[in-house]
Amino acid sequence: MSESPPVLELRSLEKHFKTSSGLLNTAVNRITGGTPDYVRAVDGVSMKLEKNQVQGVIGESGCGKTTLLRTLIGIYQPSGGEMYFHGRPVSEFDKADWKDFRRQVQLVFQDPFNSLDPKFTVRRTLAEPLEIHGIEYDEARIAEMLEAVGLTPPEKYLTRFPSQLSGGEKQRVSIARGLITEPDVILADEPASMLDVSTQAEILNLLNRLTDEFGVSMLYISHDLSTVSYICDMINVMYLGRVVEQAPTKELIVDPKHPYTEALIKSIPVPDPHYVRDRPDVDGEPGDPINMPTGCRFKNRCPQRMDVCDEKPRDIELGGDVNRTVACHLYNEQLLEGAQ
Ligand code: SF4
């Protein structure tokens, strides 16, 4: 019997934007033979999200994670590569496939304060996705979802408007709205980042429990490695449009292979005033996504830079019992062989 394909798979997915100066330059480029400027926001990302798996995408602001998310939900058309849903290429989807995809892949937004319609009661907020996807209105199902996200008793919440809910309660309603159509995938865009610390923990625990309970896969996007490592089975570290390291959470945190991952781990806050932290070894800002450095994109900030880093590192599978890859010349086979 053949194994089922990943729920969601990306193969070298790209999303490039032509800049306004690029547009302006188009006429000039036609004459001079030059090439227009592009922001390579997502530039060859590959990953597999398996059934019931929770994967994180972590990186600094501007690394491309939000563009990746918008490409995944179809707001942006990919510039290259392919995305597969249950093994089928999304580029071949017809109208009915897209309708089904939009039911099966739900988004939980970062900002619970603006993601709910202020004119809708909780009941109407949860009824709306049912209506959009042609599912019969079911008050019992709505009440069940409210109970599942911890808004009990449900009757207390059904007639409330967003202005009558706390930030944490709003995010619970958003999660219930995301789950009510019984999706296969939740795309979570930093859903805890705008909440206070104790509510953040509650929302993370809730997502953890619900992904198990509902058998749903989740891609969790964040700049905060501590929350990603708390909730995710597997982490993708993104830098300037590319995934530079991909590994199961424990392996990545205990034994990071890419110098950028190492720096991110050193930046995780430690709640101990006596703890003396190693300074993160990287200074400066990420490079310009229009004028990418040649070779490794991290080389201008990397404390372990070598001459060979002027050449682009390829994804190297590290082997062993766990599935992990790193794009760094430190793990280049020739170097490893040379070191033996
Ligand atoms: Fe650093 Fe070179 Fe690895 Fe890039 S390829 S992260 S510059 S060691």
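Worth knowing before you read on, the calculation uses all heavy atoms, side chains too, and leaves out hydrogens, waters and symmetry mates. All ligand and atom numbering here is 1-based and tracks the order in the structure.
The closest protein non-hydrogen atom to atom 3 (Fe) of ligand 1 is Cys328 SG, 2.3 Å. Of the protein's non-hydrogen atoms, His329 N, 3.2 Å is the one closest to atom 5 (S) of ligand 1. If you check which protein heavy atom lies closest to atom 4 (Fe) of ligand 1, you get Cys296 SG, 2.3 Å. Atom 1 (Fe) of ligand 1 has as its closest protein heavy atom Cys302 SG, 2.3 Å. For atom 8 (S) of ligand 1, the nearest non-hydrogen atom of the protein is Gln304 O, 3.5 Å.
The ligand atoms of ligand 1 that sit less than 4.0 angstrom from a heavy atom of His258 are 6 (S). Heavy-atom proximity to Lys299, at under 4.0 Å, picks out these atoms of ligand 1: 7 (S). Under a 4.0 Å criterion applied to the non-hydrogen atoms of Leu330, ligand 1 contributes the atoms 8 (S).
By the 6.0 Å and 45° rule, Arg40 does not stack over the aromatic ring of Tyr38. Because its NZ or CZ atom is not both nearer than 6.0 Å to the ring centre of Phe101 and within 45° of the ring axis, Lys99 does not count as a cation-pi partner of that residue.
For Asp138, the CG atom counts as densely surrounded, since its 6.0 Å shell holds more than 12 non-hydrogen atoms of other residues, nucleotides or ligands. Annotation for Glu213: atom CD counts as buried by contact number, over 12 foreign heavy atoms lying within 6.0 Å. The number of heavy-atom neighbours closer than 6.0 Å to CD of Glu317, taken from other residues, nucleotides and ligands shown, is 12 or below.
Put simply, CZ on Phe85 and CG on Leu72 are 11.5 Å apart, with the number rounded to the nearest 0.5 Å.
Linking ILVMFWY residues whenever their side-chain heavy atoms come closer than 4.5 Å, directly or via other members, leaves Tyr84 and Leu69 in distinct clusters.
Not a single N, O or S atom of Cys309, from either the backbone or the side chain, sits less than 2.8 Å from atom 4 (Fe) of ligand 1.
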